[in-house]
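Accompanying notes for the structure given below.
If you're wondering where the values come from, they're calculated on a predicted model, not measured in any experiment. For the numbers below, each heavy atom of this structure counts, side chains included, while hydrogens, waters and symmetry mates do not.
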Protein chains: 2
Amino acid sequence: MQAGSPKWRRRAEARPGEIVQAAFDVFAEKGFAAAKLDDIAARAGISKGALYLYFETKEDLFRAVVREAVVPNLDMEQVLAQTTVPFPDLMRIVLARMGQMIGKTRLGAVAKLVIGESRNFPELARVWHDEVVSRALGALSTALAKAQVRGEIRLGDPRLQAFSIMGPILMGVIWQETFTPVGAPALDLELLISAHGDTVLAGLAPRAGVLK
Amino acid sequence: MQAGSPKWRRRAEARPGEIVQAAFDVFAEKGFAAAKLDDIAARAGISKGALYLYFETKEDLFRAVVREAVVPNLDMEQVLAQTTVPFPDLMRIVLARMGQMIGKTRLGAVAKLVIGESRNFPELARVWHDEVVSRALGALSTALAKAQVRGEIRLGDPRLQAFSIMGPILMGVIWQETFTPVGAPALDLELLISAHGDTVLAGLAPRAGVLK
DNA sequence: GCCTTTAATGACCGAAGAGTCATTAAAGGC
DNA sequence: GCCTTTAATGACTCTTCGGTCATTAAAGGC
């Protein structure tokens with residue numbers, strides 16, 4: 001063994017973040033049950049024993065991973081609360097921001113985890129619903145309701161309109177996460193968002209004749 | 001033990017179907033790795049050993065379960081190939097049929113499985129892409145392209161338009177499968193389909209002014 | 001009613017992997 | 001430089017669960 005290279009270093013502050021990051025990668029790839037703590041430890045550059053200095057159990061670590069990914073989604077509510085911006089502009093801003101967020105936060109992988117493990121970890125599904133999905137959908141619905149009052153868009157259940165707006169983005173994310181890795185053609189999310197924006201905004205516009 | 005009640009019965013023909021059904025339930029609830037063969041056997045009303053008379057391994061059984069759910073999706077292509085029906089009518093028929101299919105085939109549960117296990121069973125993701133998703137999307141895209149040529153809808157990439165049509169349905173299914181069981185308000189899929197049909201058909205209509 | 005065939009059982013085995021802990025060594029105070 | 005503290009190790013245990021197989025008994029032919 002080299003003299004100058006210590007077997008390991010003590011870095012109590014840096015560890016938790018690194019571990020969660022490594023765990024995220026492994027959980028995202030394998031799912032909860034098939035993920036091995038040895039793998040996570042190896043990827044984090046430590047031993048399995050060290051994991052237990054920072055997390056009580058495997059479940060604990062999993063919860064930390066999924067909860068970690070919750071945080072950064074709150075700012076979209078403020079955008080949607082803006083009341084001076086015309087609705088279509090607002091919507092394009094929100095859609096564009098979604099696109100960026102998906103790119104940088106690996107939101108697709110988290111979605112896969114939450115969806116796939118929702119029966120085994122119902123409390124995580126609940127957290128994600130309450131903190132992320134329901135909030136975003138609520139803010140969007142509110143914005144839609146206001147736009148209806150102002151006559152900017154057609155009347156209708158705002159909650160269902162929100163599905164029409166968000167659904168295709170979710171589908172795009174799932175496509176990329178599920179089918180592109182097994183050989184399906186890649187999907188340009190920016191393009192999808194832009195094209196879908198055209199379609200759905202036209203669809204929500206007042207007086208646009210319904211076909212037939 | 002009762003005299004008249006045999007310990008078990010020999011029913012070689014009926015077993016495979018029952019096993020796959022039971023396995024579907026357990027896999028859908030737990031995911032592949034967390035599903036226990038003992039549980040599947042118990043639910044099928046047989047012993048674990050008997051499973052191995054019909055399936056080589058756990059993976060084998062899982063593959064059978066996911067492949068089983070592939071079959072019934074082919075008829076939508078014929079509907080979409082109809083060339084005499086006006087596009088909006090065609091679309092409403094397709095959407096309605098999707099709704100029925102989701103109700104009767106537990107499509108949501110399968111989707112969850114395919115999405116969640118796509119990294120561990122890439123060949124299943126591939127099968128599902130090739131046999132179901134890509135085909136349905138392809139047929140829909142073709143119908144959209146034809147409708148564009150006829151001037152029934154606005155010009156644009158048909159593939160992306162297909163995402164705008166299908167995305168909200170997928171989102172609805174995932175919602176029901178993931179969030180409703182943990183306390184989120186139930187979603188009326190029929191209603192979503194109808195409302196989304198209004199929106200997206202208006203959005204695809206030619207000359208409908210894009211807002212702003 | 002016996003005999004053959006084979007569906008079905010369930011106790012068992014072995015591997016895998018979550019979680020533990022006695023031991024080691026880095027860091028830092030004095 | 002020594003000593004204390006504590007981060008980190010990795011060999012170990014123990015449980016769980018996929019898969020096996022010798023044994024049992026249902027079904028059906030003769």
Which listed nucleotide ([options]) is nearest to the side chain of [X]?
{"X": "A:T57", "options": "C:dA27, D:dG18, C:dG19", "answer": "C:dG19"}
{"X": "B:L53", "options": "D:dG19, C:dA8, C:dG17", "answer": "C:dA8"}
{"X": "B:S47", "options": "C:dG10, C:dG19, C:dA26", "answer": "C:dG10"}
{"X": "B:R15", "options": "C:dA8, D:dA8, D:dG19", "answer": "C:dA8"}
{"X": "A:R11", "options": "D:dA8, C:dA8, D:dG19", "answer": "D:dA8"}
{"X": "B:Y52", "options": "D:dT20, D:dA8, C:dA27", "answer": "D:dT20"}

Test side-chain contact (heavy atoms from CB on, under 4.5 Å) applied to B:L140 and B:R135, B:E77, B:M76, B:M91, the passing residue: B:M91
Check against side-chain contact (heavy atoms from CB on, under 4.5 Å), A:I174 and B:L170: CA-CA 10 Å; A:I174 288 175; B:L170 175 65; 4.1 Å; yes
Given atom [atom1] of [X] and atom [atom2] of [N], what is their separation to the nearest angstrom?
{"X": "B:I19", "N": "C:dA7", "atom1": "CD1", "atom2": "P", "answer": "12 Å"}
{"X": "B:L61", "N": "D:dC17", "atom1": "CG", "atom2": "C1'", "answer": "15 Å"}
{"X": "B:L51", "N": "D:dT20", "atom1": "CG", "atom2": "C1'", "answer": "13 Å"}
{"X": "B:K36", "N": "D:dC17", "atom1": "NZ", "atom2": "P", "answer": "4 Å"}
{"X": "B:D38", "N": "D:dT20", "atom1": "CG", "atom2": "P", "answer": "14 Å"}
{"X": "A:K58", "N": "C:dA16", "atom1": "NZ", "atom2": "C1'", "answer": "11 Å"}
{"X": "B:L37", "N": "C:dG14", "atom1": "CG", "atom2": "C1'", "answer": "16 Å"}
{"X": "A:K30", "N": "C:dG17", "atom1": "NZ", "atom2": "P", "answer": "10 Å"}

Phosphate OP1/OP2 of D:dA7 contacted by A:Y54 side-chain N/O (<4.0 Å): no
Check against side-chain contact (heavy atoms from CB on, under 4.5 Å), A:R106 and A:K112: CA-CA 10 Å; A:R106 307 249 301 99; A:K112 255 183 48 182; over 6 Å; no
Base, sugar-phosphate, or nothing: which does [X] touch, judged by heavy atoms less than 4.0 Å apart?
{"X": "A:A41", "value": "nothing"}
{"X": "A:A33", "value": "nothing"}
{"X": "A:I46", "value": "sugar-phosphate"}

Aromatic ring pairing A:F62/A:F27, orientation class (parallel under 30°, perpendicular over 60°, tilted between): perpendicular
Ring geometry between B:W175 and A:H129 (parallel below 30°, tilted from 30 to 60°, perpendicular above 60°): perpendicular
With a 3.5 Å limit on both atom pairs, tell me what [N] is paired to, counting Watson-Crick and G-U wobble, or say none.
{"N": "C:dC13", "answer": "D:dG18"}
{"N": "C:dT20", "answer": "D:dA11"}
{"N": "D:dA26", "answer": "C:dT5"}

C:dA18 base / A:K48 side chain donor-acceptor hit below 3.5 Å: yes
Check: B:R126 side chain, A:A184 main-chain N or O, donor-acceptor pair, under 3.5 Å: no
